[in-house]
Trainee: 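For reference, the structure I am asking about is given below.
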Amino acid sequence: MVEKKDIRDLSLPEIEEFFRSTNEKPFRAKQVYEWIWKKNCRSFSEMTSLSRETRTLLEENFHFSVLQPAGESVSSDGTVKSIFKLPDGALVESVLIPADSRTTACISSQAGCALACRFCATGMLGFTRNLTFTEIFDQVVILNQQSERFHGKPLSNIVYMGMGEPLMNYEAVIRSIEKITSAKALGMSPQRITVSSVGIPKMIRKMADDNVKFHFALSLHAATNEKRDQIIPLNKKHPLQELTEALKYYHEKTGKRFTIEYILFRNFNDSLEDAKSLALFCKSFPVKINLIGYNPVENSGFGQSDPEKVRTFKEFLESRNMIVNTRKSRGKDIDAACGQLALRNSEKRKGKSEK
Ligand code: SF4
């Protein structure tokens with residue numbers, strides 16, 4: 001039997017071609033495309049403007065690959081964490097974060113992650129697979145509905161900061177962003193989208209060459225090789241000097257400012273010396289710095305920085321005329337840090353199979 005293709009993998013011309021080859025009117029393709037991307041339908045039976053025969057024809061040739069909601073928890077601070085089951089059983093997480101006038105969706109680009117950063121629950125899970133662009137896109141659609149349901153307004157921002165390293169699944173990430181920003185689909189501004197990476201120099205250059213319109217954020221978390229090697233194993237392969245060259249290239253080519261994400265870990269990277277190293281690292285390009293409170297992950301060995309140290313760290317950077325924001329960790333009561341729920345689930349499964 002021929003395996004059915006996911007209808008959403010087809011471009012509009014490809015759907016038109018399918019209709020031509022089956023002696024159907026090609027203009028039907030536009031209707032199908034609108035049902036899929038504008039009205040976000042996930043079954044052929046919902047396409048009520050098509051005849052029963054056309055719907056059956058589509059059903060016989062294509063399928064919809066959809067995310068199955070597998071859990072939702074709401075934090076006392078309003079953060080909503082969702083877990084989704086993929087068609088092959090892999091689990092991914094997304095988090096909806098309300099703050100002031102914004103609601104931000106933090107979405108995953110991979111099931112698990114191969115990079116094994118020491119502070120990260122997803123890193124402890126290991127890598128399962130890349131998500132398809134529709135699996136990434138669907139998280140945004142579902143979180144947009146969640147945002148309406150919980151907060152009475154649509155999503156304002158999207159960050160690719162959930163499970164996985166987005167630049168290691170570049171093509172699917174770019175295709176998902178094309179759909180999120182397309183007037184024929186969600187129609188959001190690329191200015192509201194941030195792709196966050198621990199820094200793969202080759203891919204940072206590629207983003208610059210592709211002249212991407214979304215924001216870029218580098219998850220730096222330590223500004224010396226000695227410390228970064230300890231928490232981000234990829235740094236041994238691509239040390240800070242190499243990263244700096246790629247970031248300079250990115251800035252020169254795009255003229256854009258990017259964000260440095262810096263999680264403050266208690267007594268590891270939160271001293272005045274560390275702040276000086278960070279300021280030195282940032283001197284080659286204009287950046288905005290987000291200092292992030294750590295959402296502790298069991299067995300990571302890292303804890304949250306003391307408020308006094310955070311204040312001193314921030315004040316030092318500001319004294320160097322740097323733009324600095326502090327971000328609190330959110331949803332602690334629901335394991336909202338990326339990968340925490342999936343890690344718990346996998347530990348439970350392991351526990352069961354060992355019993
Ligand atoms: S921090 Fe990001 S890159 Fe590192 S292990 Fe976690 S998901 Fe992967």
Side-chain angles (χ1 to χ4, degrees), residues 81-84 86 90-95 97 104-131 135-136 139 158-170 172-173 176 194-204 207 215-223 225 227-240 242-243 246-247 258-265 268-269 290-302 304 327 329-331 335-347:
K81 178 140 187 174
S82 301
I83 188 153
F84 300 108
L86 307 179
L91 298 174
V92 288
E93 300 172 4
S94 318
V95 187
I97 308 159
T104 301
C106 177
I107 58 170
S108 297
S109 54
Q110 298 181 310
C113 182
L115 297 188
C117 300
R118 260 192 58 206
F119 52 87
C120 169
T122 305
M124 293 175 190
L125 276 170
F127 178 67
T128 303
R129 70 167 171 87
N130 279 333
L131 301 194
E135 288 166 344
I136 300 173
Q139 295 171 64
I158 298 167
V159 292
Y160 285 69
M161 221 179 265
M163 297 170 80
E165 163 52 58
L167 298 189
M168 290 187 85
N169 188 15
Y170 186 74
V173 164
S176 68
T194 301
V195 170
S196 171
S197 164
V198 290
I200 300 166
K202 185 174 83 178
M203 299 311 294
I204 293 172
M207 279 195 301
H215 285 298
F216 172 58
L218 174 73
S219 296
L220 187 69
H221 310 324
N225 284 322
K227 287 204 175 171
R228 202 164 189 259
D229 281 354
Q230 293 177 50
I231 54 173
I232 301 177
L234 188 75
N235 196 69
K236 291 183 193 146
K237 196 168 165 200
H238 301 297
L240 290 172
E242 195 187 334
L243 201 49
L247 292 168
F258 50 87
T259 303
I260 299 280
E261 308 281 357
Y262 192 99
I263 302 177
L264 287 154
F265 302 109
F268 175 74
N269 64 352
N290 282 345
L291 298 177
I292 306 168
Y294 183 49
N295 206 339
V297 170
E298 233 170 57
N299 301 326
S300 69
F302 290 104
Q304 206 170 53
R327 301 250 186 271
S329 58
R330 303 290 302 265
D335 286 344
C338 99
Q340 275 183 310
L341 272 187
L343 184 63
R344 274 196 204 287
N345 281 340
S346 96
E347 277 165 356

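From a predicted model like this one, the values you see are computed outputs, not experimental measurements. First listed ligand is number 1; within each ligand, the first listed atom is number 1.
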Trainee: Look at the N, O or S atoms of C120, main chain and side chain alike, and state whether any lies under 2.8 Å from atom 6 (Fe) of ligand 1.
Mentor: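 So C120 does bind atom 6 (Fe) of ligand 1 by this criterion.
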
Trainee: Do any N or O atoms from the side chain of N169 and from the backbone of S109 form a donor-acceptor pair under 3.5 angstrom?
Mentor: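 At least one qualifying donor-acceptor pair exists.
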
Trainee: So, do Q110 and L115 sit near enough that their side-chain heavy atoms are less than 4.5 Å apart?
Mentor: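 Side chain of Q110 against side chain of L115, heavy atoms only: no contact under 4.5 Å found.
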
Trainee: Which atoms from ligand 1 have a heavy atom of A116 less than 4.0 Å away?
Mentor: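 What qualifies from ligand 1 is 5 (S).
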
Trainee: Could you list which atoms of ligand 1 come closer than 4.0 Å to a heavy atom of C113?
Mentor: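 Result: 3 (S), 5 (S), 7 (S), 8 (Fe).
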
Trainee: Does any N or O in the side chain of Y262 come within less than 3.5 Å of the main-chain N or O of A223, such that one atom is a donor and the other an acceptor?
Mentor: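 No; zero donor-acceptor contacts below 3.5 Å.
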
Trainee: Are a donor atom and an acceptor atom from the side chains of E165 and S197 found within less than 3.5 Å of each other?
Mentor: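 Yes, because at least one side-chain N or O of E165 sits under 3.5 Å from a partner of the opposite role on S197.
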
Trainee: What atoms of ligand 1 come closer than 4.0 angstrom to any heavy atom of G123?
Mentor: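 So the atoms of ligand 1 that pass are 5 (S).
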
